[in-house]
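Worksheet: one structure, shown below.
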Amino acid sequence: MNLIPSLTLLLLAEFAIAVGKIDNKTFEATNTWQEIKEGQQIPAGLHVRINLRTGKKEAKLLDHNEKEKNENNALSEVADDVNEETKHKVTDKHKLKFSSSLSEAIKSLPKDSLGLTYSPEKLRQIKRDFKTYDELKKSFKDFQKNFQTDAELITQLIYQYKNLTKDEQELSISLKTKITTQLRILEDLDYLVHQIDNALLFIDKGGLEDIILPLVVNETNINLRVKGIRVLGALTLNNPKAQIKAFEKNVGAYLSQILSSSTNTDELSATLYAIGSILRKFPMASQRILSTSGVQALVAVLSKQCDLKVKAKAVTLISDIIVEKKLVLSKNEDADSQLAAAQYAELNLPEWLQANGFCDAVDSVISTNLHELLHQPDLMEYFVVGLENSAVICRPIWSKSAQLRHTLLTIKNRYIYEKEEYRKELAEQIEKLVGVLYNSEAHDEL
Ligand SMILES: *[C@@H]1O[C@H](CO)[C@@H](O)[C@H](O)[C@H]1NC(C)=O
Ligand SMILES: *[C@@H]1O[C@H](CO)[C@@H](O)[C@H](O)[C@H]1NC(C)=O
Ligand SMILES: *[C@@H]1O[C@H](CO)[C@@H](O)[C@H](O)[C@H]1NC(C)=O
């Protein structure tokens, strides 16, 4: 069985999901994975995953065991694409508004969740958060009634936010109220700037300089800082013009600085999201940011006292850039892609990664987290994909690591006897990886 790297979402039974915008045919689920076409409605309660290789969403019927599991705890597995690619930019603004799309369903979940199996307490919290998000949508809708266009809305939000920068006494509100209001405004902006045009308007109106940068650079309240970083990620996600603007403001250095100094899971997670959004398909920024403090900061995350999922995100981000470079260099037909190829060729990832001890750090993260990885296949999958993609650089080191080999084999041996198909597939993928890393000499030129 060929395992496709994927994120698996077991959707809340209450979600009625509509993806995209083109047509409205209902998805016909079967027992095998099928791609969900743009605009197809998916009935609730299906197994949905995002194929990391193609970026497409796929769904199938739950099998019997999963159904039971699903009934017991509605949301047993929730995933968020590491790079949040799943949150497609939608240029048609009317379609995005409060349609209950998959991207919104994902968006409504905690952003740093990485496909983990949650404890009952965590599940309750997610459901609470989901409710809060519903309320938020409602209040946003009320607010929205007074304005005709997103442009007016964004202008108004910026105005309100700036109005709040006076001190509390002058505003005659408590600090708590002030922060709550700022967070609310940022939440609305986060929502709005997922659209390319809105993001550019927000930047034109000075939102990047006046709101986001001060939050990222100077804010002391961590909730506000994290929210600001998330808006930065949303602003630049799949938005080349916004990526350039943010890059010009030296955001890469600020974000690298946060990655180096923070130990807060939410903050690290948001920062990886933002830095990933800025680097993606932007070789010049990758070159500049990664060659200076970027790689060092990303590798430093691997040895921090923080959630393992944050480390999985860091490894995935690096592995994505390796893949991106490989893809561009493998197909340089037209002039545009030749230019891009020339820029990617400048990305000296092997050297930067080796200089910063990336390969040893990854080995160490995996080898010292055997217990957690045995219980978190979704997380393990990120590492496996990361190892596969980075093997081209790290094989000389990993192939000599007995502890890494032992860890991979232990996990594989556990997964292979599990009933769940997903773990079996993952076990096969690990087996292949072990073959690549530890078997024949023929792979030297990998
Ligand atoms: C699908 O779209 C057509 C025309 O746009 C509409 O008449 C129909 O009611 C829609 N069906 C569903 C299930 O929304
Ligand atoms: C701006 O702040 C003042 C108080 O300083 C307040 O009276 C006014 O309503 C605020 N305007 C907006 C649009 O929030
Ligand atoms: C951060 O604070 C310093 C000192 O007050 C100030 O000079 C700088 O402009 C601020 N940076 C941003 C991006 O607001």
Side-chain angles (χ1 to χ4, degrees), residues 111 154-171 173-194 198-237 239-264 266-280 282 284-298 300-301:
K111 292 228 174 75
I154 289 166
T155 310
Q156 178 65 16
L157 288 168
I158 293 175
Y159 173 76
Q160 284 187 355
Y161 190 94
K162 284 189 182 166
N163 202 15
L164 283 169
T165 49
K166 297 169 203 162
D167 74 27
E168 303 86 51
Q169 273 149 14
E170 212 180 321
L171 294 166
I173 53 174
S174 70
L175 182 60
K176 188 158 173 280
T177 308
K178 176 175 161 177
I179 291 172
T180 310
T181 313
Q182 284 175 307
L183 287 170
R184 199 260 306 149
I185 294 171
L186 291 169
E187 188 71 30
D188 289 349
L189 286 170
D190 186 359
Y191 180 79
L192 284 162
V193 301
H194 271 86
N198 287 347
L200 297 178
L201 181 90
F202 176 76
I203 293 172
D204 276 352
K205 298 261 172 210
L208 184 58
E209 283 108 321
D210 299 341
I211 298 179
I212 302 305
L213 284 181
L215 286 172
V216 173
V217 180
N218 284 334
E219 179 55 52
T220 53
N221 178 290
I222 187 154
N223 295 327
L224 280 173
R225 198 166 66 234
V226 169
K227 196 71 221 170
I229 297 169
R230 284 202 196 288
V231 177
L232 177 61
L235 197 62
T236 47
L237 182 71
N239 192 338
K241 284 184 186 158
Q243 283 170 268
I244 291 169
K245 297 276 187 205
F247 173 62
E248 285 170 355
K249 297 281 171 215
N250 203 22
V251 159
Y254 297 132
L255 294 175
S256 298
Q257 169 61 36
I258 295 171
L259 280 186
S260 304
S261 58
S262 176
T263 51
N264 178 288
D266 283 342
E267 183 169 34
L268 288 168
S269 193
T271 308
L272 288 168
Y273 165 48
I275 209 166
S277 295
I278 290 162
L279 296 184
R280 189 153 281 270
F282 189 5
M284 198 174 98
S286 299
Q287 153 73 28
R288 200 75 60 80
I289 294 168
L290 295 176
S291 68
T292 51
S293 50
V295 168
Q296 192 182 11
L298 285 168
V301 170

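Remember, it's 1-based here, ligands and their atoms both numbered in the order they're listed.
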### Message
Is it the case that the side chains of T177 and T180 hold a donor-acceptor pair, with the cut-off being a distance below 3.5 Å and no angle test?
### Response
no
#### Entry: Contacting atoms of ligand 3, where contact means under 4.0 angstrom from a heavy atom of N218
1 (C), 2 (O), 3 (C), 8 (C), 10 (C), 11 (N), 12 (C), 14 (O)
### Task
Using a distance threshold of 4.0 Å (strictly less than), state whether atom 2 (O) of ligand 3 has a protein heavy-atom neighbour.
yes
### Query
For S262 and E267, does a side-chain donor sit closer than 3.5 Å to a side-chain acceptor?
yes
### Query
Are there protein heavy-atom neighbours of atom 5 (O) of ligand 3 below 4.0 Å?
no
#### Entry: Close side-chain approach of T155 to K205, heavy-atom, < 4.5 Å
yes
### Task
Could you tell me whether the side chain of K241 reaches within less than 4.5 Å of the side chain of K245, counting heavy atoms only?
no
